[in-house]
Each structure stands twice: as C-alpha cells, then as structure tokens.
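The structure under discussion appears below in the form of structure tokens.
Chain letters run A, B, ... following the sequence lines, proteins first and then strands; every chain starts at 1. Predicted model, so just to flag it, every value in this text is computed and none were measured.
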Amino acid sequence: MTEKTTMATATAEGEVFREKVLALAGEVVLTCIQCGTCSASCPTAHMMDTPIRKLVKLVLEGEKEAALLSRSIWLCTSCLLCTVRCPRNIRPMAVVAALKSIYEDEGMKCKDSVFEGIFARQIRNYGRISEVLLSAEYMIRSPSSAVQIMSFGAELVPKGKIELGFEAAKGERIEGTEEMKRIFDLVGDEKRAEAEKAEAVGEAEEATK
Amino acid sequence: MRIGVYVCHCGLNIAGVLEPSSLTEFAKTLPDVEVARDLQFTCSDTGQETIKEDIVEHKLDSVVVAACSPRLHEPTFRRVISEAGLNPFMLEMANIREQCSWVHMDEPPQAQEKAKDLIRMAVAKAALLNPLQGETMPVSRGVLIVGGGVAGIQAALDLADSGLHVYLVERKPTIGGYMALLTDVFPTNDCSICVLAPKMTDVYNHPLITLMTYAEILNIEGSVGRFTVSGVKKARFVDEKLCKGCINECAGVCPVEVPDEYEFGLGKRKAIYMPIPQSVPLIACVDPEACIGCGLCSEACPVDAVKYDQRQEEFRFDVGAIIVATGWQSFDPARKEEYGYGRFRDVITGLQVERLLNAAGPTGGEVVRPSTGEVAKSVAFLQCVGSRDETVGNQYCSRVCCMYALKNAPLIKEKYPDAEVSIHYIDLRAGGEGYEEFYMRAQRLGVNFIRGRVSEVEKVDGHLRVNYEDTLLGGFRSKPYDLVVLSAGLEANKEADVIGNLLGLSKRPDRFFEIAHPKMRPVEAHIDGVFIAGCASGPKEIQVSIAQGEAAAAKSMRLLLRGELTLDPVVAMVDTEKCIGCKLCVETCPSKAISVDKTALVDEAACKGCGTCAAACPVDAIDMRLFSDEQILAQVRAATAVKGQYPFIVGFLCNWCSYAGADLAGTSRIQYPTNMRAIRVMCAGRVDPAFVIEALKGGADGVLISGCRLGECHYSKGNYQAYQRVQVLRGVLEKVGINPGRVKIVWCAASEGEILAKEVRTFVRELKEMGPVGTELRVLGVPEPPGGDR
Ligand SMILES: Cc1cc2nc3c(=O)[nH]c(=O)nc-3n(C[C@H](O)[C@H](O)[C@H](O)COP(=O)(O)OP(=O)(O)OC[C@H]3O[C@@H](n4cnc5c(N)ncnc54)[C@H](O)[C@@H]3O)c2cc1C
Ligand code: SF4
C-alpha cells in the first residue's frame with residue numbers, strides 16, 4: 001500500500017464507523033498501544049495485506065474504507081491467539097468480527113464474504129459442512145474464485161481431507177438442527193439469512209430469464 | 001455560656017455587600033450572646049486587642065468571629081483568644097466573606113439573610129463548645145527500618161547521624177538489596193557495589209544503628225510514638241563474634257553445591273557460604289536446607305566459629321516510627337510461556353545479564369550463552385515482560401527496565417563491538433535527568449532499536465528465533481539470536497506482606513503499598529508514624545529510592561526529635577456504655593485507630609479525626625470532640641430556623657477539598673445563588689444520615705454533601721463511605737415517598753471553585769422543579785414529612 005496524505009480528522013462517516021466497531025468490540029479497543037503482539041501472533045499474518053494491529057489503528061482513525069476493504073478480515077481463522085496475548089486485554093479478533101459484520105450490514109460483497117455466507121448457512125441448516133455441497137455452491141456463486149481453489153481442493157482429496165462420497169454429497173445432517181438454528185437466531189443471524197434468501201430468489205429469477 | 005460575636009467589615013470586602021452593623025444588632029438578639037461588635041479589620045492589632053479586652057471584661061466563654069474563611073484565620077483567632085486566657089478551641093467562625101459577600105455580590109439583600117443564618121449557626125455551635133487539650137505524649141526516639149536495600153540504608157544513615165537510634169532489620173544474611181548485585185548502573189554507569197559498599201560498611205560501624213540481618217519481624221504493636229516490635233534472628237550456625245569472614249577455609253571444604261540465589265541461578269555456592277564478597281556483616285552462613293552435617297567446615301574453621309547447635313534468638317524493642325523499605329521482587333518470566341524462559345537455556349532475565357556483565361559474576365564478566373558457554377554474538381532485549389500486561393495482571397509500567405536495557409545493551413556493545421544487539425520495545429521511557437542523553441548514547445553505539453512487542457520466542461533448528469511485527473515498517477519478522485534477555489518487570493515484594501498485615505498498610509491495585517496521597521505525601525503511609533521508601537511503594541530507580549529514604553528519615557526526625565508528641569484533640573471518643581462491640585467502626589477507620597475488646601477503644605495518637613466512625617456507629621456510641629453530633633445538629637437547626645429563601649439548601653462540605661473549593665469560588669469571585677447554608681465537616685464521611693434527616697425535617701428543600709473527588713480523600717476512603725450512606729439514605733427516602741433527589745452528593749476538589757458553584761446552581765434548579773419539601777407527600781396524601789428519632 002502506498003501512503004497518501006489524508007486529513008487528520010475523521011469524517012462524520014468515519015466517526016460513525018469507529019463508534020460502531022467500538023460498540024461491537026468494546027471500548028477497550030481505545031487503549032490499544034500498537035505493540036504488534038496480535039499481528040506477530042497471527043498464524044495467517046504472512047498472507048494479510050494489512051496487519052491486524054494496523055486494522056485497529058485504521059478503525060480508531062475512522063478510516064472506514066481502508067479497514068473494510070482489507071482482505072485481512074477474511075483471513076482470520078478465529079484462533080484467538082491475538083486475543084489471548086494482547087497485553088491490554090483487547091480482543092483483536094472481536095475487531096475483525098465487527099468489521100465483517102459491518103461489511104455485511106453495508107451490503108458489501110466479495111468472494112470471501114460469499115464463502116463465509118455459504119459456510120454459515122450450511123452449519124445453520126445441517127449442523128455440519130459438506131465439502132461437496134460447499135464447493136458446488138461456491139462454484140455457482142463465485143465461479144472465478146472457485147476455479148482458483150479447485151487445484152488446491154484436488155490435492156486434498158487423496159489425503160482424505162475432503163470426502164466425495166454420495167452420503168457427503170447428500171448433505172448429512174446432525175441431530176437437533178432446530179437447536180442449531182436457534183443458536184444462530186440468538187446470535188442475531190436472521191438478517192444475514194433473510195438477505196441471502198432475497199439474494200437467492202433474485203438469482204433464481206435471473207436464471208429463469 | 002457567655003459568647004462574644006465580632007462581625008468584620010474587612011474594608012469593603014464584606015461591608016461592600018453586607019451591612020456589618022445590622023448583622024451586629026442581629027447577633028445581639030441571639031441567645032447567650034453577651035457582646036457583639038463590628039470591627040473594620042478584625043485580624044488587625046486593634047481588632048485582636050478589642051476581642052482580648054472583651055474576653056476579660058465580659059468574662060466571655062467563647063467567641064464567634066464572622067469574617068473570612070476559618071481555613072485562613074482560625075489559627076490567628078485561636079491564638080488571640082488563648083492569649084486572653086480562653087481555651088483555643090472555644091472559637092467558631094462564620095465565613096461571611098469567601099462563602100457570602102464575595103460570591104453573592106449582585107444580591108445584597110439575600111446575602112444579608114444568609115449572613116444572618118451563618119452567624120446564628122456559628123453562635124449555636126459556640127454555645128456547645130468545650131475546652132480541649134492537645135495532650136503531649138513522650139515518644140520513643142528509636143526508628144525501625146524494615147529492609148536493608150539502598151532505600152533502607154540511606155534512611156538508617158540519615159537518622160542515626162541526626163541522633164536517633166535505628167534498628168535496621170533485614171531478612172537476608174546481608175544488607176544491600178538488589179543494588180548490591182547489579183553491575184554498572186544508569187545513568188552514569190558507575191559500579192553499583194563500589195558506590196553502595198561504603199554505605200553498607202557505615203551502617204555496620206555506626207554506633208546508633210543496631211543491625212539485625214537474617215532476621216524476621218513477627219509482631220508489631222502500639223501506634224505512633226510507641227510501637228513495640230518483636231521478632232527473631234535466625235540461626236546462621238556461625239558465631240558472629242568469632243567469624244573472620246575468610247570463607248575460603250570453610251566453603252573450600254564443603255562438599256555440597258547448590259544454585260546460588262545471589263547469581264540468580266547462574267552460578268553455584270556451597271552449603272556454607274558468604275552471600276556476596278562485600279556482605280555486611282561479613283559473616284558466613286550455613287544453609288540448613290543444603291547442609292548434610294558432615295562437619296568438614298567446622299574442622300576447617302581456624303577460629304572454631306561454626307556452631308551447629310546455634311539457636312534462633314528473639315528480640316524485642318520500642319520505636320516511635322517505622323520505615324518500610326522492603327523493596328521489590330522480580331516478575332517470574334516463566335509465567336509468560338511464549339517467551340520460553342525455563343524451557344530454553346539461552347533465554348535469561350535482566351537480572352541474570354547484570355550478573356554476566358559483572359566482573360565478579362559467575363563468568364568473570366563474559367556475556368555467554370548458558371547452553372554452550374560461548375560468548376553470544378547476537379543479543380535481543382525484550383521489553384515490558386510482565387509489565388504493562390493485563391494478561392498477567394500487571395497494568396503498570398515498571399519504570400526502570402527501559403533504562404536498564406539501555407544500559408546493558410551498550411555495555412555488551414562496548415565489550416563486543418561486533419555483537420549484534422537489539423532492543424525490542426513498545427515505548428522507550430527515558431524520563432529523568434540525563435536519561436534521554438543515555439538513550440542517544442546507546443543509539444550512537446549501534447544498538448538496534450526495533451519497535452514491536454515480541455509475540456513469541458521459538459527454537460528452530462537449535463537456534464532461538466524472536467517473532468514480532470516491526471510496527472514502524474509493518475509486517476511480520478522472525479529474527480535469530482544467540483541470547484535473549486527478558487526485561488522482567490518489578491512486582492510488589494511478597495516477603496513484605498507480613499509487615500503490611502502487621503501494620504495494616506493498604507495496597508494499591510498494583511499490589512504495592514499505598515502512600516497517603518499519590519502526589520502530596522509520597523513517603524507517608526495511611527498509618528501515623530509509618531513511612532514507606534523505595535520500591536516498596538512502586539518501581540523506581542536508585543536515585544529516587546535514595547531520595548525517598550532521605551525523605552522518610554526527615555519525616556521520622558520531625559516526628560521524634562523533640563521527644564514528645566502533641567496530639568490533636570480533635571479525635572473520636574467512645575461511650576462505652578452505649579457501645580455494643582459490633583466492630584463496624586474498626587472496619588471504617590482509615591487510620592486503624594480503633595480496636596475492640598468488648599467495647600471500642602480509640603488510640604488517640606493514631607486517630608486523625610475524620611469522624612467516619614461516628615457516622616457509621618449504629619448505636620451512636622462514637623462522637624467527635626469537635627464537630628460532635630450535638631454541635632452539628634445545633635448548626636442544622638439554626639440554619640433551618642428561619643428559611644428566608646426558597647429553595648433552601650443545607651450543605652455539608654468536607655474541610656480539605658469542598659470547603660476549600662467553596663473558598664476558592666469566593667477568592668475567584670465566582671457568583672452562585674445564595675440558597676445554601678454550608679456546614680464544615682472534616683470529611684464527607686462524617687455526615688451522619690441523622691444530620692440529613694434533621695435538615696429535611698427542619699424544612700430544608702435539599703441537602704448537598706460534597707467531598708473530595710473519588711480517590712483523593714484526605715483520609716483515603718471517606719468519600720466512598722459517604723457515597724454508600726447517601727445511596728442507602730436515598731433508598732429509604734424513596735420508600736417513605738420523599739424524592740431521593742433532594743439529597744445530593746457531589747465531588748469537588750480544592751481547585752474546583754467553579755464546580756462547586758455549578759453544583760449549587762444545578763441543585764437550586766432541580767429543587768425548584770421538585771417544589772418545596774413535602775410536595776411529594778401532599779400528592780401522596782401523607783400529612784407530615786417523616787424523619788423522627790433515629
Ligand atoms: C535488572 C535491573 C537493573 C537495574 N539497574 C538499575 C540501574 O542501573 N540504576 C538504577 O537507578 N536502578 C536500577 N534498578 C532498580 C534498582 O534495583 C532499585 O531501584 C533498587 O533496588 C531499589 O532499592 P530498595 O531499597 O527500594 O529495594 P531492594 O533493593 O529490593 O531492597 C529491599 C530489601 O528489603 C529486604 N526485605 C524485604 N522484605 C523484608 C522483610 N519482611 N523483613 C526484612 N527485610 C525485608 C530485602 O531482603 C531487601 O534487602 C535495576 C533493576 C533491575 C531489575
Ligand atoms: S520501563 Fe520500559 S520496558 Fe519497563 S515496563 Fe515501562 S515501558 Fe516497559
């Protein structure tokens with residue numbers, strides 16, 4: 001990223017964004033000392049365009065666009081190492097989660113968010129993931145990026161990391177999927193579910209045209 | 001009771017707004033008033049003479065001066081009346097300048113009414129005053145110093161030089177503390193033991209210092225001026241009088257080796273050992289845990305000093321003051337598992353590197369990798385290990401680790417110019433005389449500074465790697481090093497807990513001992529006669545530790561040099577008939593001045609007169625000598641006798657912050673409404689719910705209680721207690737149908753005149769909205785406001 005000269009004071013929109021993140025991730029984020037323990041602990045740091053530490057700073061400066069457009073937020077694996085180690089008891093992972101949810105609230109979309117959406121919905125509906133169905137759906141929704149990961153997927157099959165059997169393709173369910181749904185509702189996932197339904201309908205209409 | 005009232009004009013300061021002559025006429029109508037006069041300047045010689053003459057001529061018992069703030073001239077007028085033969089405590093002042101004429105300049109008629117009330121209140125209290133005697137008490141001229149680190153050593157020398165007797169008690173077999181183990185020390189890099197050793201020897205040789213090493217204090221009783229201390233000197237199994245300190249003879253033959261705690265595990269010592277070559281006293285010590293009783297040392301000793309049958313000795317002595325200089329302990333870096341201390345041999349601590357750099361240390365001054373014994377070619381210093389880290393419960397900065405890393409990194413660089421030396425830091429803190437210059441010197445010497453807190457130390461292919469984000473350049477890095485030094489922080493010393501408990505010292509959330517005021521009283525404890533110096537009250541460098549040792553010594557001298565103590569008579573007293581021994585007062589007292597043996601007993605030397613106990617006592621068995629329940633209730637009744645204004649507020653202002661803040665509003669001429677009649681109390685914690693109820697019963701529309709800002713109470717926690725009581729009282733008021741908003745508690749510092757004025761303005765507005773007291777009851781159909789007897 002190249003550094004550009006920007007105004008020192010956040011815009012009104014930036015201000016609102018900052019407050020939203022603080023509301024979701026906690027006021028404690030204000031106490032960040034930019035020590036970098038989070039970024040240095042993160043197992044996917046080497047793939048990130050923006051270190052987690054810098055994401056926090058972008059949030060505090062109200063740099064909404066830069067924060068939301070960073071791919072880093074989709075690379076977080078929720079391993080919580082940052083959160084365990086942060087010397088200020090900030091939960092950097094919660095900042096990432098906040099950014100993801102604002103991203104979706106804003107109606108933004110990218111291949112990563114699409115993938116997460118499918119992933120979450122499968123869990124919600126079946127209580128588990130079927131790699132076959134997941135890949136298939138991802139293929140339909142975001143064909144170009146799915147192609148990119150296909151070769152990686154092909155490598156995993158012989159290692160037994162991906163099941164290709166008929167059972168798997170059917171989408172095996174766990175017992176108590178209703179409870180699963182309730183959990184999702186409790187954590188406030190209806191909005192995403194509705195948005196996706198609308199989207200699916202739209203897509204279907206598009207397809208029938 | 002025959003009372004004289006003097007109303008001051010103070011030039012036009014008072015007379016410009018109020019009419020002193022009519023106030024004087026008013027005063028004459030009050031009960032017990034024998035004579036009343038208005039004077040141009042009451043504090044002038046003429047004014048003072050008039051009062052003195054009246055006291056004699058009219059046989060006055062007490063005097064009311066309506067003038068400026070008692071915080072200004074109370075001492076003056078106390079002296080005046082005592083010169084005329086009255087007890088100095090037979091004085092009451094009505095503050096009609098700072099809290100009346102200066103703050104109500106635009107409302108002379110209302111101000112005049114308020115001034116009348118203030119005078120009526122003062123006269124009511126004056127009628128109830130009692131002569132008080134500040135008793136004197138002989139004090140011991142000895143001082144106990146706990147801990148023989150540099151802070152304790154300095155205090156001991158200063159005190160003994162001034163002629164007081166010092167008992168210096170140290171747990172370890174030698175004095176010196178951590179400073180005795182450091183290599184060159186910042187900011188001037190002089191050899192630590194070289195500057196400390198002469199002081200240690202001075203302690204040993206001083207005729208007025210009784211040095212007790214390898215000793216433990218087990219009990220402390222009494223209070224300021226007369227503490228009794230007892231404890232034991234542990235057995236060294238070596239006769240102190242016989243041992244010559246040659247050590248090679250005995251330790252040379254001892255077959256047992258154990259890790260040396262004075263080398264922080266890097267070296268070994270024998271079961272019979274000398275802690276450090278410069279030990280004071282220079283006497284060998286047998287470690288009973290390690291000794292196998294082979295008797296070789298005893299045979300080898302040329303003077304037969306080894307005594308296996310030595311017993312511990314008890315001691316007991318009296319002192320007038322105590323200095324706690326118990327120092328610190330290192331954060332245990334093994335708690336930060338990700339840094340590998342204890343797992344990887346080449347990860348060491350700052351203290352260990354001090355020993356490696358020390359020419360007298362285990363490697364003769366070579367900085368080697370413990371795993372190989374070879375000189376380290378690359379060294380990393382990791383800052384803030386166990387400091388500024390909520391995950392280990394230490395929020396605070398340890399203050400000295402930046403500086404000791406800035407010292408040791410260049411020492412390594414100077415010794416091995418080719419070595420690569422880096423400091424991994426979050427912030428570099430080099431505040432202090434010559435400290436920033438010290439930092440620049442390290443930069444010039446080629447020390448590498450990397451900003452970013454290390455996340456982890458790993459071992460990859462047998463080599464240490466340090467992982468971090470360079471937060472200035474951005475991006476993850478992993479860098480190999482031969483040696484990793486953890487700048488472990490300073491923690492409160494657990495070995496001092498016993499002392500803290502015996503004395504009843506309070507601790508801050510960071511677990512260090514708390515000083516009486518975070519700025520203004522840096523070496524005083526909350527307990528009278530107890531002082532805290534050095535790292536016992538928080539991490540600090542040598543220079544500040546010494547300064548605190550000196551300050552604590554000076555404070556002890558001030559207390560004890562005269563040989564007697566004049567006690568403040570404004571203390572609590574217990575009515576043993578009423579006391580039920582519930583111990584509530586013991587819990588409330590910030591000065592640990594109350595003990596209960598069937599009934600409560602106040603140690604008058606320790607009591608500071610805040611009055612929180614008196615407000616807390618459920619059966620009213622405790623009262624204050626000045627500011628008694630009776631006196632304050634009389635002031636409340638006098639205040640509400642007329643109620644010439646609506647809304648009418650009775651205020652209780654704490655002496656130290658809020659009353660001073662109200663005075664400041666006056667000196668700054670900040671104007672506020674005339675509706676409040678303020679009563680001075682020593683602490684907001686003194687305000688008994690009964691006072692508030694009396695005020696409401698008397699028809700006050702609201703009661704304002706103002707204390708020091710939270711955390712700044714003169715007596716530590718009185719304002720918190722006031723707050724709790726007000727909350728409970730509000731709950732009660734609400735239950736009986738009175739708007740709880742009528743009782744308000746606010747915080748105001750002595751510097752915040754504007755805040756006090758604002759609070760009064762707001763309260764007046766709020767009370768106007770509520771309507772006169774009782775409005776809410778009329779709505780409910782309740783005939784009388786409640787209150788009644790407690
Ligand atoms: C690695 C390192 C390097 C440092 N380098 C420097 C430097 O270069 N320059 C500098 O200015 N500062 C330096 N410091 C700070 C310095 O060590 C402290 O300022 C100093 O030790 C404070 O002295 P003290 O007397 O308060 O405490 P201590 O040195 O801790 O002395 C306290 C004494 O009290 C004794 N004691 C404790 N409890 C009891 C008890 N219950 N009864 C009897 N005795 C008791 C202890 O045994 C000890 O002897 C360094 C610190 C570290 C960790
Ligand atoms: S002194 Fe420096 S290293 Fe030590 S805790 Fe403070 S900032 Fe961290």
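Remark: B/Glu712 CD is packed, more than 12 non-hydrogen atoms of other residues, nucleotides or ligands lying under 6.0 Å away. Other residues, nucleotides and ligands place no more than 12 heavy atoms under 6.0 Å from the NZ atom of A/Lys57. Residue A/Glu175 places its CD atom among 12 or fewer non-hydrogen atoms of other residues, nucleotides or ligands, all under 6.0 Å distant. Atom CE of A/Met108 sits in a crowded spot, with more than 12 heavy atoms from other residues, nucleotides or ligands closer than 6.0 Å. For B/Gln727, the CD atom sits in a packed shell: over 12 heavy atoms of surrounding residues, nucleotides or ligands are nearer than 6.0 Å. More than 12 non-hydrogen atoms from other residues, nucleotides or ligands lie less than 6.0 angstrom from CD of B/Gln443. In this structure, A/Glu179 places its CD atom where only 12 or fewer heavy-atom neighbours from other residues, nucleotides or ligands lie under 6.0 Å away. Under a cut-off of 6.0 angstrom, the local environment of NZ in B/Lys377 is sparse, with at most 12 non-hydrogen atoms contributed by other residues, nucleotides or ligands.
Taking each heavy atom of A/Ile33 and B/Arg451 in turn, the nearest pair found is O-NH2, 2.9 Å. Nearest heavy-atom pair across B/Arg388 and A/Pro87 is O-CB, 3.4 Å. Closest approach of A/Val84 to B/Thr391, counting heavy atoms only: O-CG2, 3.3 Å. Scanning all heavy atoms of the two residues, the minimum distance from A/Ala40 to B/Phe476 falls at O-CE1, 3.3 Å. Of all heavy-atom pairs between B/Gly475 and A/Pro51, the closest is N-CG, 4.2 Å. Residues B/Thr471 and A/Cys35 share a closest heavy-atom pair of CG2-O, 3.6 Å.
Contacts between B/Arg477 and chain A at a heavy-atom distance below 4.5 Å are absent for every atom of the residue. With a 4.5 angstrom heavy-atom cutoff, A/Cys82 does not touch chain B via any of its atoms.
Interatomic distance, B/Glu338 CD to A/Leu81 CG, rounded to the nearest 0.5 Å: 9.0 Å. How far CD of B/Glu337 is from CZ of A/Arg85: 10.0 Å, rounded to the nearest 0.5 Å. With rounding to the nearest 0.5 Å, the separation of OG1 in A/Thr37 from CG in B/Asn467 is 11.5 Å.
With sequence neighbours excluded, the residues forming a ring pair (Phe, Tyr, Trp, His ring centres under 6.0 Å) with A/Phe115 are A/Tyr138, listed by chain and number.
Of the residues listed (A/Ser41, A/Cys38, A/Ser39), the one engaging B/Glu469 in a side chain to side chain contact (heavy atoms under 4.5 Å, CB included) is A/Ser39, and it is the only one.
Below 4.5 Å, heavy atoms of chain B meet no heavy atom from residues 68-78 of chain A.
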